[in-house]
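Residue numbers begin at 1 in each chain, while the letters A, B, ... track the order of the sequences. Atoms considered below: every heavy atom in the structure, side chains included; atoms not considered: hydrogens, waters and symmetry mates.
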Amino acid sequence: MLDIRFLRENPDAVRENIKKKFQDAKLPMVDEVIKLDEENREVIQQAQALRTERNALSKQVGVLMGQSKKDPSKLQEAEELKQKVTAEAARLGELEARETQLGEEIRKLMMVIPQIIDDTVPIGESDEFNVEVERFGEPKVPDFEIPYHTQIMESLDGIDMDAAGRVSGAGFYYLLGDIARLHEAVLAYGRDFMIDKGFTYCIPPFMIRGNVVEGVMSFADMEAMMYKIEGEDLYLIGTSEHSMIGRFIDQILPEDKLPQTLTSYSPCFRKEKGSHGLEERGVYRIHQFEKQEMIVVCKPEESKAWYEKLWRYSVELFRNFDIPVRQLECCSGDLADLKVKSCDIEAWSPRQKKYFEVCSCSNLGDAQSRRLKIRAKDENGTTYLPHTLNNTCVAPPRMLIALLENNLQADGSVLVPKVLQPYMGGKTVLVPKK
RNA sequence: GGAGAGAUGGCUGAGUGGCCGAAGGCGCACGAUUGGAAAUCGUGUAGACGUUAAUAGCGUCUCGAGGGUUCAAAUCCCUCUCUCUCCGCCA
């Protein structure tokens with residue numbers, strides 16, 4: 001969400017940005033907003049003038065009413081003034097109705113006009129134009145065949161997709177035994193990794209109100225992702241980012257409380273509307289998974305530096321598991337409307353012989369702050385909108401795919417990365433039962 | 001789930017229809033006093049929006065949120081949210 005003043009003063013920049021994102025259909029919205037905004041301010045001014053008059057007259061009525069106790073003739077005067085105000089009331093009512101209507105229309109448009117993207121974002125229409133920036137670790141392909149991840153899990157008696165299908169439908173899983181333990185180990189390691197980086201561990205609410213949802217994501221995303229609780233104004237979170245950024249709704253943070261650096265655990269619930277494909281079976285894309293997240297709320301001038309730090313944390317974490325990764329920068333057309341800049345950290349899949357997404361790091365600029373009215377106050381008492389960022393620390397079901405594939409040995413056993421062994425009761429290897 | 005109480009500025013706390021954007025106190029800032037400090041005294045201390053060159057003026061809105069009554073609402077009415085207390089239930 002943009003500052004309407006920015007749009008008013010820089011309509012060309014907003015149009016240029018829309019073009020960069022290949023959303024030309026939204027171009028007319030800029031002029032629409034400008035037109036509505038002009039009328040709105042006109043209406044506001046007229047209404048204010050009427051209110052000024054009404055307030056003045058009302059004050060006089062008050063004075064006259066007071067005096068009328070001593071001098072009954074004042075009562076007559078007061079009555080006359082009352083009628084004068086009543087005469088103007090209809091006009092004010094009309095203006096107020098129009099003001100409300102215009103405000104809603106403007107807001108609706110502003111909610112879908114995309115955030116101004118960073119200069120450094122590569123221009124491209126779809127995810128095909130995302131850009132590989134850097135690789136970390138040597139992507140290796142072993143000389144034996146690597147089975148599909150669910151098969152590896154099954155060989156370790158670690159998963160029951162059939163029962164999950166019967167109980168909850170497609171997109172759910174039962175994890176069992178060492179795999180379930182490995183899942184928790186990864187989360188626990190991710191948590192401690194972030195705590196060591198100075199982040200504060202947090203367990204947030206897993207359901208949030210509609211207004212918070214609207215504050216943290218675009219309508220399009222909301223529709224495609226969020227589960228609503230029947231009969232309540234509550235949604236299951238799609239990521240703890242939602243609760244975590246929502247935590248600061250309507251708050252004015254003293255500047256010395258910035259940056260806020262938090263690492264949160266939560267289950268994540270997603271509809272995954274319209275997502276398909278062979279490579280998305282198993283535990284790759286599911287309705288419910290667990291995630292350790294990192295979020296930052298910081299001064300605007302610091303958000304670029306934080307963005308760089310955050311994605312590098314993900315790289316470091318995956319390298320500690322000895323999983324090869326790469327940074328893939330999100331191009332303009334693939335960037336969600338609220339985001340200024342975003343990249344994925346992708347893990348190497350020796351089975352597919354390609355990289356796949358395991359982390360997503362985003363700088364939202366002031367978009368979420370503006371929607372949620374999150375503000376910071378500097379020493380001079382001036383308030384401003386801080387920037388918000390988020391990044392996946394680790395989302396175990398999906399990262400387990402990378403972990404199992406990259407640590408699988410020819411005999412079907414799976415090596416437990418050293419850093420995870422303390423969380424696995426000292427186990428160094430997982431051995432197939434049969 | 002049942003019963004009750006409450007929500008006012010950074011905090012505390014007055015205010016039950018008009019001169020209330022809000023007394024008093026605390027805190028904070030600045031000044032005076034002091035060799036310096038404490039104490040004391042004085043002054044000032046919310047946010048959003050519009051207008052504007054302006055953080056100057058002026059105006060509008062905001063006393064949990066939304067709606068209503070009224071010439072006029074912190075104050076009266078309705079709905080909702082949250083907090084606290086008691087009872088019940090419960091991981």
Side-chain angles (χ1 to χ4, degrees), chain A residues 1-9 33-107 110 203-215 228-229 231-235 243 246-258 266-267 366 369-386:
Chain A
M1 178 129 138
L2 296 172
D3 185 350
I4 192 150
R5 262 177 300 190
F6 178 83
L7 183 141
R8 203 186 288 154
E9 285 158 22
V33 168
I34 291 173
K35 215 181 100 201
L36 291 169
D37 178 52
E38 238 166 68
E39 189 188 343
N40 194 33
R41 284 186 296 157
E42 178 65 32
V43 167
I44 287 172
Q45 279 182 50
Q46 284 183 30
Q48 283 188 357
L50 284 177
R51 281 189 206 109
T52 307
E53 202 184 323
R54 186 198 60 192
N55 290 347
L57 290 174
S58 287
K59 222 161 212 178
Q60 286 179 42
V61 172
V63 172
L64 289 170
M65 295 297 271
Q67 293 172 349
S68 71
K69 282 169 194 158
K70 289 178 188 165
D71 180 359
S73 73
K74 297 286 185 184
L75 208 59
Q76 175 68 23
E77 234 176 289
E79 282 306 320
E80 278 165 24
L81 283 179
K82 279 190 195 179
Q83 276 170 25
K84 208 167 157 189
V85 177
T86 314
E88 297 279 355
R91 174 76 188 131
L92 181 58
E94 272 171 40
L95 287 171
E96 281 176 343
R98 184 69 186 143
E99 203 182 320
T100 309
Q101 191 188 354
L102 286 167
E104 272 166 23
E105 281 175 36
I106 290 168
R107 183 179 157 77
M110 290 303 286
I203 299 178
F206 302 155
M207 294 186 219
I208 55 175
R209 292 240 172 90
N211 65 324
V212 178
V213 179
E214 282 169 24
K228 190 174 189 321
I229 304 297
E232 314 246 359
D233 178 27
L234 280 176
Y235 292 78
S243 328
R247 176 162 173 241
F248 302 104
I249 189 167
D250 286 329
Q251 300 298 302
I252 299 177
L253 299 162
E255 199 170 58
D256 59 17
K257 290 268 169 66
L258 296 182
S266 85
D366 61 12
S369 293
R370 182 168 293 107
R371 287 190 176 194
L372 291 171
K373 299 195 178 71
I374 300 171
R375 283 154 301 165
K377 188 183 253 190
D378 68 19
E379 296 163 336
N380 305 317
T382 311
T383 53
Y384 60 90
L385 298 168

- Item | Gap in Å between the two P atoms, one belonging to U70(B) and one to A29(B), rounded | 49 Å

- Item | Under-4.0 Å salt bridge between Arg375(A) and Glu255(A) | no

- Pair partner, G6(B) [Watson-Crick or wobble, under 3.5 Å]: C82(B)

- Note on the structure: note: Asp233(A), atom CG; A65(B), atom C1'; distance rounded to Å ~ 13 Å

- Message: Any side-chain N or O of Thr383(A) below 4.0 angstrom from OP1/OP2 of G47(B)?
- Response: no

- Pairing partner of C19(B), by Watson-Crick or G-U wobble and under 3.5 Å for both distances, is none

- Please give, in whole Å, the distance from G47(B) C1' to Leu253(A) CG? 15 Å

- For C76(B) versus C87(B), give the span between their C1' atoms, rounded off to a whole number of Å. 33 Å

- Item | Whole-Å P distance, G27(B) and C82(B) | 35 Å

- Query: Whole-Å distance between U62(B) P and Ile44(A) CD1?
  - Reply: 14 Å

- Closest of A72(B), U60(B), G50(B) to the Ser58(A) side chain is A72(B)

- Item | Any strand: nucleotide that pairs with A32(B) via Watson-Crick or wobble, under 3.5 Å | U40(B)

- Note on the structure: Taking U60(B), C82(B), G18(B) as options, the one with an atom nearest any side-chain atom of Val61(A) is G18(B)

- Message: Using every non-hydrogen atom in the two residues, find where Val61(A) and Lys82(A) come nearest and quote the distance to one decimal.
- Response: CG1-CE, 4.2 Å

- Message: Checking contacts here: which listed nucleotide (C71(B), A46(B), G50(B)) is nearest the side-chain heavy atoms of Lys82(A)?
- Response: C71(B)

- Measure from the side chain of Asn55(A), starting at C-beta and using heavy atoms only, and say which of G59(B), C19(B), C61(B) lies closest. C61(B)

- Message: Work out how far the P atom of A65(B) is from that of A32(B), and round it to whole angstrom.
- Response: 41 Å

- Note on the structure: By the Watson-Crick or G-U definition, both distances under 3.5 Å, A56(B) is matched with none

- Task: Give none if U70(B) has no partner; otherwise give the nucleotide forming a Watson-Crick or G-U wobble pair with it, both distances under 3.5 Å.
- Result: none

- What is the distance from CZ of Arg371(A) to P of A48(B), rounded to the nearest Å? 20 Å

- Gln45(A) has an atom CD; how far is it from atom P of G50(B), in whole Å? 10 Å

- P atom, C61(B) versus G66(B): distance in rounded Å? 14 Å

- May I have the distance from Lys373(A) (atom NZ) to A48(B) (atom C1'), rounded to whole angstrom? 9 Å

- Item | Residue Val63(A), side-chain atoms from C-beta onward, closest of C19(B), G50(B), C71(B) | C19(B)

- Task: Taking only the side-chain heavy atoms of Arg41(A) (C-beta and beyond), determine which of G47(B), U51(B), C61(B) contains the nearest atom.
- Result: U51(B)

- Message: Would Glu38(A) and Arg8(A) count as a salt bridge (charged side-chain N to carboxylate O under 4.0 Å, His left out) here? Give the steps.
- Response: CA-CA 9 Å; Glu38(A) 238 166 68; Arg8(A) 203 186 288 154; over 6 Å; no

- Task: Just call it for Arg8(A): base, sugar-phosphate, or nothing, with non-hydrogen atoms closer than 4.0 Å on any strand.
- Result: sugar-phosphate

- Integer-rounded Å distance: U60(B) C1' and Asn40(A) CG: 13 Å

- Whichever of Arg54(A) and Thr86(A) has its nearest RNA chain B nucleotide further upstream toward 5': Arg54(A)

- Message: Can you confirm whether more than 12 heavy atoms, excluding those of Lys84(A), are under 6.0 Å from its NZ atom?
- Response: no

- Task: Whole angstrom is fine here: how far is it from CG in Asp250(A) over to P in C82(B)?
- Result: 15 Å

- Pairwise 5' ranking along RNA chain B for Lys377(A) and Gln48(A), keeping only the more 5' one: Lys377(A)

- Task: Salt-bridge test for Glu104(A) and Arg98(A): reply yes if a basic N is under 4.0 Å from a carboxylate O, no otherwise.
- Result: no

- Message: Need the pair for C89(B). Rule: Watson-Crick or G-U wobble, both distances under 3.5 Å, any strand; none if unpaired.
- Response: none

- Query: Do Glu42(A) and Gln46(A) have a side chain donor and acceptor closer than 3.5 Å?
  - Reply: yes

- Note on the structure: Closest heavy-atom pair, Val43(A) versus Leu95(A), reported as atoms and distance to 0.1 Å, is CG1-O, 3.4 Å

- From the list G47(B), U60(B), C71(B), which nucleotide is the closest neighbour of the side chain of Thr52(A)? U60(B)

- Taking only Lys NZ, Arg NE, NH1 and NH2, and the carboxylate oxygens of Asp or Glu, determine whether Glu88(A) and Arg91(A) approach each other closer than 4.0 Å. no

- Item | Nucleotide paired to G27(B) in any strand shown, Watson-Crick or G-U, under 3.5 Å | U45(B)

- Using the P atom as the reference point in each nucleotide, state the distance between U75(B) and G6(B) in Å, no decimals. 15 Å

- Query: Looking only at atom C1', what distance separates C78(B) and C30(B), rounded to whole Å?
  - Reply: 48 Å

- Message: Counting only side-chain heavy atoms from C-beta out, which of C61(B), G50(B), C82(B) sits nearest to Arg209(A)?
- Response: C82(B)

- Span that lies between the C1' atom of G15(B) and that of G68(B), in whole angstrom: 23 Å

